[in-house]
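Naming convention: chains lettered A, B, ... in sequence-line order (proteins, then strands); numbering from 1 in each chain.
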2 protein chains.
Amino acid sequence: MNTLSGRIRLDFHSAEPLYLQIAGQIEQMVARGDLKVGEQLPTVRELATELRINFNTVARAYRLLDEARLISTQRGRGTYIWEEASPAMLEQIRNRRLEEMARHYLEETTRLGFTLPEVIRALQTRIEKTRSETSAPEGSRRGEE
Amino acid sequence: MNTLSGRIRLDFHSAEPLYLQIAGQIEQMVARGDLKVGEQLPTVRELATELRINFNTVARAYRLLDEARLISTQRGRGTYIWEEASPAMLEQIRNRRLEEMARHYLEETTRLGFTLPEVIRALQTRIEKTRSETSAPEGSRRGEE
DNA sequence: AGAAAAATAATACATTGATACAATAAGACA
DNA sequence: TGTCTTATTGTATCAATGTATTATTTTTCT
């Protein structure tokens, strides 16, 4: 039995979609401190059974919160409250990650003995490859809506 | 305590599966020469405990590298860096790593919602920063970390 | 009413974890 | 020395988890 169970109330008559109701209520619980950092949420199937809805609807709510960096969904493991729940810090963290990844990319490639031109070249190649992959096929994308 | 312990970093938020992260980082170490031919890797359970994951996930990474003839897994004995890893093969691995690093860099940054210009910009910034650090000699920057 | 879009559900899938198993090594003991 | 037992190693199988794709239902708009 998880913390969430029995604490989410769905209004099936509401104009607000179920997945938004779920996401909103979880958001509130985090804001109130009812859900603490690192805490595990019920699985999509558990919560879906509780609420008598399809687990994909719960998954959609989770994905929304995941993209907002409020929770962390991990395939095969479960979903957890994100370690950094502060909205103010998010942008800073995000930018720091960008710097970190750039630094890491440079460090590791040059440590392998590649020259700067080679490293940049590899990135360009990859960019072009990604372009042709995402434009050509009948694209399934993630960040839609 | 094995060479690997404490040198593999997992990102549980990444879209990249854990077993691929592990395999990739081991490959990286071999390409860098941090892991030498014949050297024993930690057991699947050891490494799994370190990383706080299930040992089957480590086993999967090992199996991947085993199939690629980079390591040799032996039931009841342990896993070792493959004895007959030819220089040509190491070179191949090295190039594969370059591609992988580029792909990973792009994937993770765009997953965080950064645009291509932002990503490239971050890399340029980092390059310049590195330049000024290495030319203005505060020190022998070696391969630490 | 009919078409388009959004929300929800159904199904198949990939990743991770739990558990039991098989092979090898190491030590005990006759 | 030889064999037995035990511990340690990777392997196989299946369950549990979130994800992706597609279909169906519901809502919205004209």
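- Close to C:dT8, at under 4.0 Å from its OP1 or OP2, lies no side-chain N or O of A:Asn54.
- Side-chain nitrogen and oxygen atoms of B:Arg60 include none within less than 4.0 Å of the OP1 or OP2 phosphate oxygen of C:dT16.
- Taking only side-chain nitrogens and oxygens, B:Arg45 never comes nearer than 4.0 Å to OP1 or OP2 of D:dT8.
- Rounded to whole Å, the distance from CD1 on B:Ile71 to P on D:dT9 is 15 Å.
- Backbone-only engagement by B:Tyr19 is indicated by non-hydrogen atom pairs under 4.0 Å involving sugar-phosphate atoms exclusively.
- Distances were taken from every side-chain heavy atom of A:Pro17 (C-beta onward) to each of D:dG18, D:dT17, C:dT8; the shortest belongs to C:dT8.
- Of the side-chain N and O atoms in A:Thr73, one or more sit less than 4.0 angstrom from OP1 or OP2 of D:dT19.
- Minimum heavy-atom separation, A:Thr73 to A:Asp66: N-OD2, 2.9 Å.
- Distances were taken from every side-chain heavy atom of A:Asn56 (C-beta onward) to each of D:dT11, C:dA9, C:dT15; the shortest belongs to C:dA9.
- Here the P atom of nucleotide D:dT21 and the CZ atom of A:Arg75 are 10 Å apart, to the nearest Å.
- Under a 4.0 Å N-O distance rule, the pair B:Glu99/B:Arg96 does not qualify as a salt bridge.
- An OP1 or OP2 oxygen of C:dA25 is reached within less than 4.0 angstrom by a side-chain nitrogen or oxygen of B:Arg77.
- Computed from coordinates, the A:Leu20 CG to C:dA6 P distance equals 13 Å when rounded to whole Å.
- Side-chain N/O atoms of A:Thr57 include one lying less than 4.0 angstrom from OP1 or OP2 on C:dA9.
- Hydrophobic clustering of Ile, Leu, Val, Met, Phe, Trp and Tyr side chains at less than 4.5 Å, counting indirect connections, keeps B:Tyr19 apart from B:Leu65.
- Listed nucleotides: D:dT11, D:dT19, D:dG10. Nearest to the side chain of B:Phe55: D:dT11.
- Between B:Arg111 and B:Glu16, none of the side-chain N atoms (NZ, or NE/NH1/NH2) sits under 4.0 Å from a carboxylate O, so this pair counts as no salt bridge.
- Atom CZ in B:Arg63 sits roughly 8 Å away from atom P in D:dA12 (whole-Å rounding).
- Between B:Arg131 and B:Glu128 there is no salt bridge, since none of the side-chain N atoms of the basic residue sits less than 4.0 Å from a carboxylate O of the acidic one.
- Here the C1' atom of nucleotide D:dG18 and the CG atom of A:Leu64 are 16 Å apart, to the nearest Å.
- Rounded to whole Å, atom P of D:dG18 lies 16 Å from atom CD of A:Glu67.
- What separates CZ of A:Phe12 from C1' of D:dT26 is a distance of 14 Å, to the nearest Å.
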